[in-house]
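See structure below.
So you know, we letter chains A, B, ... as the sequences are listed, proteins then strands, and number each from 1.
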2 protein chains.
Amino acid sequence: MVKYSQAQYDASFGALSDATRRGVLEQLGRADASITALAERFHMTLAGMQKHVGILERAGLVITEKVGRVRTCRLGKRALEEEAAWIESYRQLWATRFDELDIVVEEMKRKEKADGRN
Amino acid sequence: MVKYSQAQYDASFGALSDATRRGVLEQLGRADASITALAERFHMTLAGMQKHVGILERAGLVITEKVGRVRTCRLGKRALEEEAAWIESYRQLWATRFDELDIVVEEMKRKEKADGRN
DNA sequence: GCTATACTTTACCATTCGGTTTAGTATTGC
DNA sequence: GCAATACTAAACCGAATGGTAAAGTATAGC
């Protein structure tokens, strides 16, 4: 199931585990934005937003570029392909597992009936 | 884009942000397991594994049941539907955004040519 | 009934997280 | 050149993480 490094999954799922950061991603999906703009939109200090952007950047989900005194944030090259693949792979495993359990349940019902006849 | 509570996304993406917990999910996809079995398989103390299982349980990804002195862990009812949906939705946004940027780049190229003619 | 097993609880530890404040640096605009 | 703007860096804070060890409880098996 491992598609790429565990550390990458750690970083990207970790990045997604915070509502503010998910919001920033959605926002950047609509338009690039400066750190100040993002900080205002999410009601937090500049320094606070900087940390969130740093986490998104380290996860490869966002890239930033400083021009003059403004650092502009935009979506990175990675569109969560591997994360989507991991989840899909898990969902498949999950479905298979539940099919197995269904079989077990069926088996149990069958046995119960048989026991009832003894 | 919000499909259900932010806290739910926080919990499940947070649960997925650790390699041990992802491993536990994959393991439980193959067979149910006791806390002790999981602790051994992932080379950690019982108490340590108990915390991981607790996090997975709170995220709704795992359910446990104690019979006698053994607590058995199995996959929960939720198969990361909403998380998969969030990521897919984001991937769509991402693709759209990059199409927009392509248009901007095209526009710039067009203008450059026009400027070159002046 | 005694022992081993399986878990639970608690306390502890270092690190990270999500946030702040404060003080600094670099740019812009008048 | 000077004030405002935009970020950067650092220190600090309380809470959560990821792990441990140690002591307690409950159950299984002889």
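- What separates CG of A/Asp10 from P of C/dT15 is a distance of 18 Å, to the nearest Å.
- Between B/His52 and D/dG19 there is a side-chain polar atom (N or O) within less than 4.0 angstrom of OP1 or OP2.
- Residue order along DNA chain C, read from the 5' end via each residue's closest nucleotide, puts B/Ser34 first among A/Val67 and B/Ser34.
- Between the P atom of D/dG18 and the CZ atom of B/Arg22 lies a distance of 11 Å, rounded to the nearest Å.
- In this model, the phosphate group of D/dA4 is not approached by any side-chain N or O of A/Arg69 to a distance below 4.0 Å at OP1 or OP2.
- Closest to the A/Met44 side chain, of the nucleotides C/dT20, C/dA6, D/dG18, is C/dT20.
- Between B/Asp18 atom CG and C/dT16 atom P the separation is 14 Å, expressed in whole Å.
- For A/Thr45, a side-chain nitrogen or oxygen approaches OP1 or OP2 of C/dT20 to under 4.0 Å.
- The residue among B/Lys51 and A/Arg58 whose nearest nucleotide of DNA chain C lies closer to the 5′ end is B/Lys51.
- Atoms CG (B/Leu38) and P (D/dG19) sit 14 Å apart, rounded to a whole Å.
- Residue A/Gln50 contributes atom CD, which lies 12 Å from atom P of D/dA10 at whole-angstrom precision.
- Taken from CG in A/Leu93 to CD in B/Gln27, the straight-line distance is 10.0 Å, to the nearest 0.5 Å.
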Practice item. Report the C-alpha separation of A/Arg97 and B/Arg74 in whole Å, then their side-chain angles, then the decisive distance to 0.1 Å, and conclude whether the side chain to side chain contact (heavy atoms under 4.5 Å, CB included) test is met. Key: CA-CA 10 Å; A/Arg97 180 86 191 111; B/Arg74 59 176 52 90; over 6 Å; no
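- Candidate nucleotides C/dA6, D/dG19, C/dT21 were compared by shortest atom distance to the side chain of A/Ala47, and C/dT21 ranks first.
- Rounding to whole angstrom units, CG of residue B/Leu56 and C1' of D/dT17 are separated by 14 Å.
- Taken to the nearest 0.5 Å, the OG1 atom of A/Thr20 stands 8.5 Å off from the CG atom of B/Asp10.
- Looking at A/Leu25, A/Val24, A/Leu61 one by one, the single match for side chain to side chain contact (heavy atoms under 4.5 Å, CB included) with A/Leu75 turns out to be A/Leu25.
- A/Leu46 comes within contact range of at least one nucleobase, with a heavy-atom separation under 4.0 Å.
- At a threshold of 4.0 angstrom between heavy atoms, the contacts of A/Gly68 are confined to the sugar-phosphate backbone, with no base atom among them.
- Ring planes of A/Trp86 and A/Phe13: perpendicular class, angle over 60° (limits at 30 and 60°).
- To the nearest angstrom, C1' of D/dA6 lies 7 Å from NZ of A/Lys66.
- In this structure, A/Glu40 atom CD and D/dA6 atom C1' are separated by 11 Å, rounded to whole Å.
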